[in-house]
Amino acid sequence: MNESLLFFFSALGAFNGLLLGVYFIFFSKPKHFSHSMLGALFLALSVRVGKSVFFYFYDSIADAYIQFGLFACWLIGPFLYYYSKSAVQPKLSLKREFMVVTVSLACFSLIINFLFPWSNYPVFWTYFVRIIYLQWLFFVILTGWMLYRTHDEWFLKSKNRPFKLWILSIYFGNVLICLAFNTGNYTSYIAGALSFSFVFYALILMLLFHKRSDELLFLKPNKYQSNK
């Protein structure tokens, strides 16, 4: 593939992911915790993907942006888990648990970033990046286990097929992106960014062409008005 097209498709997905993330966090209605988590998930993925795109095409990118991209990667897994859990179990109150987990992880990552700058400790970061990807993979597996453990409630008993398709698309899309990044050393460094763009636009098409977006985003859409 021509490098200009490769850069365009990879960067466009990251840019539009940022826009959609901001929309779900600040502007989507009705307000729900799952919307904020979905927006945060898109933001974290977009920042991480953006870092990969610019590092692949412009390897002189500032070290601070590299570290910021890896910091965002550290939070993708928790955002995926809490989005999925709040979506399939909307009556649960997860805000306190979410704050404890994510603030703890964020503080730990910030301490690492402050004490061991990328430019001064390249060998350390070679190993810590592996930890970041393993942590991401752990939350992907944890999310899968949670969805399986609660499938009676949201998959078997629910008649809302669009929601089932949406939540499974979000999950398996993240599985694909996570695996692409984890296996980048054996395939291509840009594979993760391309995977994100593919998954992102597939989700966008679902949102655009489905008549009622609330059926996609809510387990029980009857309680909510359709959001055009």
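Along the sequence shown, residues are numbered consecutively beginning with 1.
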| query | Between Lys164 (side chain) and Leu219 (backbone), is there a donor-acceptor pair under 3.5 Å? | reply | no
| What's the spacing between Phe26 CZ and Lys31 NZ if we round to 0.5 Å? | 8.0 Å
| remark: Value for CD1 (Ile170) from OG1 (Thr143), rounded to nearest 0.5 Å, stands at 11.5 Å
| Joint cluster assignment, Ile111 & Ile132, ILVMFWY side-chain distance < 4.5 Å | yes
| task | Find the distance between CZ (Phe200) and CZ (Phe15) and round it off to the nearest 0.5 Å. | result | 10.5 Å
| task | Would you give the length of the straight line joining atom CZ of Phe138 to atom CG of Leu134, rounded to the nearest 0.5 angstrom? | result | 11.5 Å
| Between CG of Leu80 and OH of Tyr171, what distance do you get to the nearest 0.5 Å? | 7.5 Å
| query | Atom CD in Gln67, atom SG in Cys73: separation rounded to 0.5 Å? | reply | 13.5 Å
| query | What about His32 and Phe218, are their ring centers closer than 6.0 Å? | reply | yes
| query | Does Trp125 reach the main-chain N or O of Phe116 with its side chain, forming a donor-acceptor pair under 3.5 Å? | reply | yes
| task | Following the transitive rule for hydrophobic clusters with a side-chain heavy-atom cut-off under 4.5 Å over Ile, Leu, Val, Met, Phe, Trp and Tyr, establish whether Val123 and Val129 coincide in one cluster. | result | no
| request: Look at the side chain of Ser34 and the backbone N and O of Ala87, then say whether any donor-acceptor pair between them is shorter than 3.5 Å. | output: no
| Do Tyr82 and Val100 belong to the same hydrophobic cluster, where Ile, Leu, Val, Met, Phe, Trp and Tyr are linked whenever their side-chain heavy atoms lie under 4.5 Å apart, directly or via other members? | no
| request: Mind running side chain to side chain contact (heavy atoms under 4.5 Å, CB included) on Leu94 and Phe33 for me, showing each step along the way? | output: CA-CA 8 Å; Leu94 297 171; Phe33 181 69; 3.9 Å; yes
| task | Could you point out which residue of Phe68, Phe128, Trp136, Tyr133 forms a ring-ring contact (aromatic ring centres under 6.0 Å, His included) with Trp74? | result | Phe128
| query | How far apart are the closest heavy atoms of Gly69 and Arg48, and which atoms are they? | reply | O-CD, 3.3 Å
| task | Group every Ile, Leu, Val, Met, Phe, Trp and Tyr by side-chain heavy-atom contacts under 4.5 Å, then state whether Leu137 and Phe172 land in the same group. | result | no
| Should the ring pair Tyr23 and Phe27 be called parallel, tilted or perpendicular, given that the plane angle runs from 0 to 90° and is split at 30 and 60? | parallel
| Please walk me through it: do Phe196 and Leu176 pass side chain to side chain contact (heavy atoms under 4.5 Å, CB included)? | CA-CA 8 Å; Phe196 172 74; Leu176 175 64; over 6 Å; no
| said: Would you say Trp145 ends up clustered with Phe155 if hydrophobic residues are merged whenever their side chains have heavy atoms under 4.5 Å apart, either directly or through other cluster members? | reply: no
